[in-house]
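Worksheet for the structure shown next.
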Number of protein chains: 2
Amino acid sequence: MPKRPPASSAAHPDADPARSPSRPAGAPPQGAQTLLRGLDVLEAVAAGIGDLPGLSSRLGMTRTTVHRLATALVDRRYLNFVPRQGYSLGPRLMELGFRAQRDMPVRQAASQHLKRLAERTQDTVQLAMLDGDEVLYLDKVSGQRLFEIRSTIGDRHAVCSTGLGKALVLDMDEARWNAFFDLREPGNASPLAPTREEWLGRMRAYAAAGVAFDLEETEAQLRCVAVPIRDASGAIVAAVSVSSFAQYMQPERMQELSSEVRRTAQAIGEALGWRGPRS
Amino acid sequence: MPKRPPASSAAHPDADPARSPSRPAGAPPQGAQTLLRGLDVLEAVAAGIGDLPGLSSRLGMTRTTVHRLATALVDRRYLNFVPRQGYSLGPRLMELGFRAQRDMPVRQAASQHLKRLAERTQDTVQLAMLDGDEVLYLDKVSGQRLFEIRSTIGDRHAVCSTGLGKALVLDMDEARWNAFFDLREPGNASPLAPTREEWLGRMRAYAAAGVAFDLEETEAQLRCVAVPIRDASGAIVAAVSVSSFAQYMQPERMQELSSEVRRTAQAIGEALGWRGPRS
DNA sequence: AATGAAGTCCCAATATATGGGATTTCCAAA
DNA sequence: TTTGGAAATCCCATATATTGGGACTTCATT
């Protein structure tokens, strides 16, 4: 009698193409259906669906159910509801999100180092981690140049699209690299976008050097130098990068920056208990 | 061993000192217990409780229940779990939080205006809204001065403690003002903190002028000028402020800033559909 | 005034969450 | 290394919280 039409497990508003590396699948945690559905509602609203019929058809739940969950979320200020306009993300979510960012251990350890690096290089410095199969931006210190590099804390990007992404997966094997290449962002038609073989070749070189570059592969004129950060276990937990426009990023400067950024990454790693290349 | 961490300001699902203005109470929305409990877990973690026994005693749920909910939240990346350390806020929360901030209509409408105001005044400009009984900071543009005003997007403060708070409640009646005075932050022992009567008197003057000040009432040397922002309905939906240290905030300058900030608030209001003082 | 779409409310049926307790894991002291 | 104990995880019968069909209420538009 209860409908069992679609989605038993996930109802991801963004249709995550590859959820594999996280869990063996087939094991959607049980005993929290209502919570999970509530989160689905939250995420659908984040994806821009603001009306009840839209949510219920998108999520495969009845209007009644969505309404009940959304009402609870509004009551707790996780969502706003404006009669004629629909639902939107609420202030409590904002509050918790900023707290999450502030409390992120890597971010705390990195904060001063990032500022210092930005001062020294005059360029935009960024910190990111891997979340799922994507790069999640944790922090950013804008440089002193006349332009602004457009990216925002909390944004996500495909691993291939950025120097940070490459730095984050430097330790993985070629099979994984291949998988990430398959996940590259669709709209990316940059003339300098590498073929699969070129990309793998560069990754090998980056892995050997412990530094990754991005050479206008995604965005024309935009280059960056990124280095992984390791914690006490030696695993890569984040990455720092310096980005700038091509005119400031000639090959020699990228070399210089490599050492500079590497020093920063090392300092941050040490704050996290990393003991250096040898242990 | 129920640890009793300071559990400072935030997120008490039940201990909220004044939940009155939102709903008559006694009407916790029904049919979403599991979702609500899940959010309780989220908020308890945000308040710094990271272990299962702590959470279960704090929230009055069995270990089993907390574990089940927390596992679901970890699975969705709303929480992190590190074996020896416990739970912490997860990356998805950060992502949604930043998106919530970015999508907040007032913030979008205000963004450029805030930057312009910060350039003109050289001082720190902030944007806030009322959330529940507290002031929630929505945006901040740092000034060019040598010092930095410490406050963070996503933070909350008591209405009395800030110029922004006062600006946000300028339209309310004296009964409400009194209630807010009762909610002032406990630790505030500033020598310049006003008595109840002084505070009400000032509020009357601010309401008449349409501008609110903060004269080192909370933090020594810190002064600010704040003006409410109105939307199409004429209601106060947010407030802008310029803050600086006392040496830059002599009476004449505060007068000049009043007009400047008022102009900014007006421009933002117009972007939200406000039609000016008369309608 | 009529129409229709979105949002809200109610209630019986049952799928779903609950918590007691057993079991495993892991650290720290002996 | 062994042992003790605390935290985390798992299991399952029970009862309760959630579900969804359907009816009702707004409210904007025709």
Side-chain angles (χ1 to χ4, degrees), chain A residues 1-9 11 23-24 26-42 44-45 48-76 79-88 232-233, chain B residues 1-5 13 23-24 26-42 44-45 48-76 79-88 232-233:
Chain A
M1 171 149 310
K3 289 184 2 183
R4 181 78 57 190
S8 55
S9 63
R23 193 142 47 90
Q30 300 205 340
Q33 189 192 69
T34 310
L35 172 56
L36 264 358
R37 287 180 156 190
L39 301 182
D40 286 339
V41 170
L42 220 49
V45 172
I49 306 177
D51 62 327
L52 216 40
L55 289 167
S56 92
S57 77
R58 178 74 180 76
L59 299 171
M61 308 175 199
T62 59
R63 275 189 308 285
T64 307
T65 299
V66 175
H67 179 256
R68 186 162 12 86
L69 297 174
T71 301
L73 290 167
V74 168
D75 189 68
R76 295 291 214 108
L79 290 180
N80 297 317
F81 178 68
V82 183
R84 300 243 17 243
Q85 302 183 53
Y87 296 96
S88 60
S233 74
Chain B
M1 278 283 260
K3 283 189 357 187
R4 188 73 58 174
R23 195 140 48 89
Q30 299 205 342
Q33 190 193 72
T34 310
L35 172 56
L36 263 358
R37 286 180 157 191
L39 300 182
D40 286 340
V41 170
L42 221 50
V45 172
I49 307 178
D51 62 327
L52 213 41
L55 289 167
S56 90
S57 77
R58 177 72 181 73
L59 299 171
M61 309 175 199
T62 60
R63 276 187 304 286
T64 308
T65 299
V66 176
H67 179 257
R68 185 164 12 85
L69 297 173
T71 301
L73 290 167
V74 168
D75 190 68
R76 294 293 213 107
L79 290 181
N80 297 316
F81 179 67
V82 183
R84 297 256 296 113
Q85 302 183 51
Y87 296 96
S88 59
S233 75

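Lettering of chains follows the sequences in order, A, B, ..., and the numbering in each one begins at 1.
- One finds a side-chain N or O of His67(B) lying less than 4.0 angstrom from the OP1 or OP2 phosphate oxygen of dT9(D).
- As a whole-Å value, the separation of Leu73(B) CG from dA8(D) P is 15 Å.
- Residues Gln33(A) and Thr34(B) are not in side-chain contact: their nearest non-hydrogen atoms beyond the backbone lie 4.5 Å or more apart.
- Contact annotation: the side chain of Leu39(B) approaches that of Leu35(B) to within less than 4.5 Å [non-hydrogen atoms, C-beta and beyond].
- If you take CD1 of Ile49(A) and C1' of dA6(C), they are 16 Å apart, rounded to a whole angstrom.
- For the side-chain contact (heavy atoms from CB on, under 4.5 Å) with Val41(A), the qualifying choice from Ile49(A), Leu59(A), Leu36(A) is Leu59(A), the only one to do so.
- Remark: P of dA8(D) and CD of Gln85(B) are 12 Å apart, rounded to the nearest angstrom.
- When the side chain to side chain contact (heavy atoms under 4.5 Å, CB included) test is applied to Thr65(A), the partners found at least two apart in sequence or on another chain are Arg37(A), Met61(A), Thr62(A), Arg68(A), Leu69(A).
- We find that CG of Leu36(A) is positioned 11 Å from P of dT19(D), with the value rounded to whole Å.
- In this structure, Thr71(A) and Phe81(A) have side chains that are not in contact, with every pair of non-hydrogen atoms separated by 4.5 Å or more.
- Salt bridge present: Asp40(A) and Arg76(B) bring a charged side-chain N and a carboxylate O closer than 4.0 Å.
- As a whole-Å value, the separation of Leu59(A) CG from dG20(D) C1' is 16 Å.
- Protein atom CG of Asp51(A) is 17 Å distant from nucleotide atom C1' of dT26(D), rounded to whole Å.
- Inter-axis angle, ends of the helix from dA1(C)-dT30(D) to dA30(C)-dT1(D), five pairs per end, rounded to 10 degrees: 50°.
- Tyr87(A) contributes atom OH, which lies 7.5 Å from atom CG of Leu55(A) (distance to the nearest 0.5 angstrom).
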Report, as a single string ordered 5' to 3', how protein heavy atoms within less than 4.0 Å touch nucleotides 17-29 of chain C: B base, S sugar-phosphate only, - not at all.
-> SBBBB-----SS-
